[in-house]
Amino acid sequence: MIDASALRHLVGADATPCRRALTGEHGVALPPFVDHHVHLHLIDAHALAEGGIAGVVDLGGDPVALAQLPKGAMPHVAYAGAFLTAPGGYPVGRSWAPTAISREVTDASLHPGVSGGAATAVDEQAAFGASVVKVALNADAGPVLDAVVLAAVVRAADGHSLPVVAHVEGDGMTRRALDAGVSALAHTPYSETVPEAVAAEAVALGQVWISTLSIHDDSDRARATRNLAGFANAGGRVLYGTDLGNGDRDVGIQRDELSALDAAGIRGSALIAALTDPWPLDHRAHGIATFVPGDIPTTLDDVPAWLARATVVPDEELLRDDT
Ligand SMILES: [Zn+2]
């Protein structure tokens with residue numbers, strides 16, 4: 001038997017000892033896990049559920065293709081649609097970024113139908129069912145939206161009740177996103193150190209940061225880890241995300257990302273919270289759960305490797321020990 005109170009002490013109240021109805025296998029039930037940053041056009045999404053991921057947020061793809069995905073299939077998909085960027089800005093022209101996945105915004109216009117207008121680009125993503133609007137602010141890779149156009153994008157998104165998520169890279173880009181009221185960062189800032197006061201400002205704004213620590217090496221990774229630790233320490237809401245599709249990795253939960261989050265101090269119940277946050281939606285998926293087979297971890301250090309064994313199962317397949 002699994003000691004439910006020891007388990008909850010380590011990973012929080014959402015964890016419930018259970019067994020699988022069909023096999024009798026013991027383990028732990030958790031809410032469904034979400035990878036908050038993927039690119040579906042670059043991966044085989046079918047393998048995600050077996051690898052523990054029940055939901056994904058596509059942060060840059062073809063809005064037409066994304067709108068045509070079957071509803072209710074696994075994994076559950078929320079998406080941004082196309083990247084909104086400056087003319088010639090990132091990711092325009094990248095080999096992994098077909099034309100269909102970017103919109104070049106040239107004008108702060110909030111009138112519908114203006115060519116290159118902020119509202120036109122946002123309205124299009126909303127019409128294709130986007131749950132969030134993605135902007136690229138990568139000053140290390142070309143021109144970026146200026147403060148006026150960026151503010152217009154945020155206003156247009158707000159008109160659809162959609163949050164805006166930014167890829168910030170290069171000096172001053174975290175600041176620019178914050179000043180415009182951008183509500184999420186697609187990557188923990190890694191190209192610049194975020195001062196404590198700026199992290200506190202991001203927390204006060206209610207900004208959420210998607211981790212993506214494990215895509216980096218060396219100094220970028222160390223900087224991102226410190227930035228995320230500071231943000232979390234200040235009370236910031238951290239989301240598990242891997243940028244899956246970037247680089248060649250197995251599809252599913254990324255043990256390296258779990259370990260990296262743990263190293264940034266997002267441990268135990270905080271790590272579970274980062275995995276099970278429904279952002280940008282307002283509720284978790286129904287009818288599915290995470291099953292982690294076998295013995296429970298005995299120390300916080302064991303939690304990342306334990307979570308890496310997760311798989312997605314229909315909720316009714318799990319018989320909870322306390323019911
Ligand atoms: Zn990405």
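Atoms within each ligand, like the ligands themselves, are counted from 1 in listed order.
Checked for salt-bridge contact, Arg284 and Asp277 miss the test: no charged N lies under 4.0 Å from a carboxylate O. Between Glu25 and Arg19 there is no salt bridge, since no side-chain N of the basic residue sits under 4.0 Å from a carboxylate O of the acidic one.
In this structure, the side chain of Gln207 engages the main chain of Val182 through a donor-acceptor pair within 3.5 Å.
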Would you give me the side-chain donor-acceptor pairs under 3.5 Å for residues 4-13, sequence neighbours excluded?
unit_1	atom_1	unit_2	atom_2	d
Ser5	OG	Asp3	OD1	3.1
Arg8	NE	Ala15	O	2.9
Arg8	NH2	Ala15	O	3.2

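Taking the ring pair (Phe, Tyr, Trp, His ring centres under 6.0 Å) definition, one finds that Tyr240 meets it with nothing, sequence neighbours left out. Under the ring pair (Phe, Tyr, Trp, His ring centres under 6.0 Å) criterion, His111 pairs with no residue, sequence neighbours left out.
At a cut-off of 2.8 Å, measuring from the Zn ion (ligand 1), the protein N, O or S atoms that fall short of it are His37 NE2, His39 NE2, Asp243 OD1, waters left aside.
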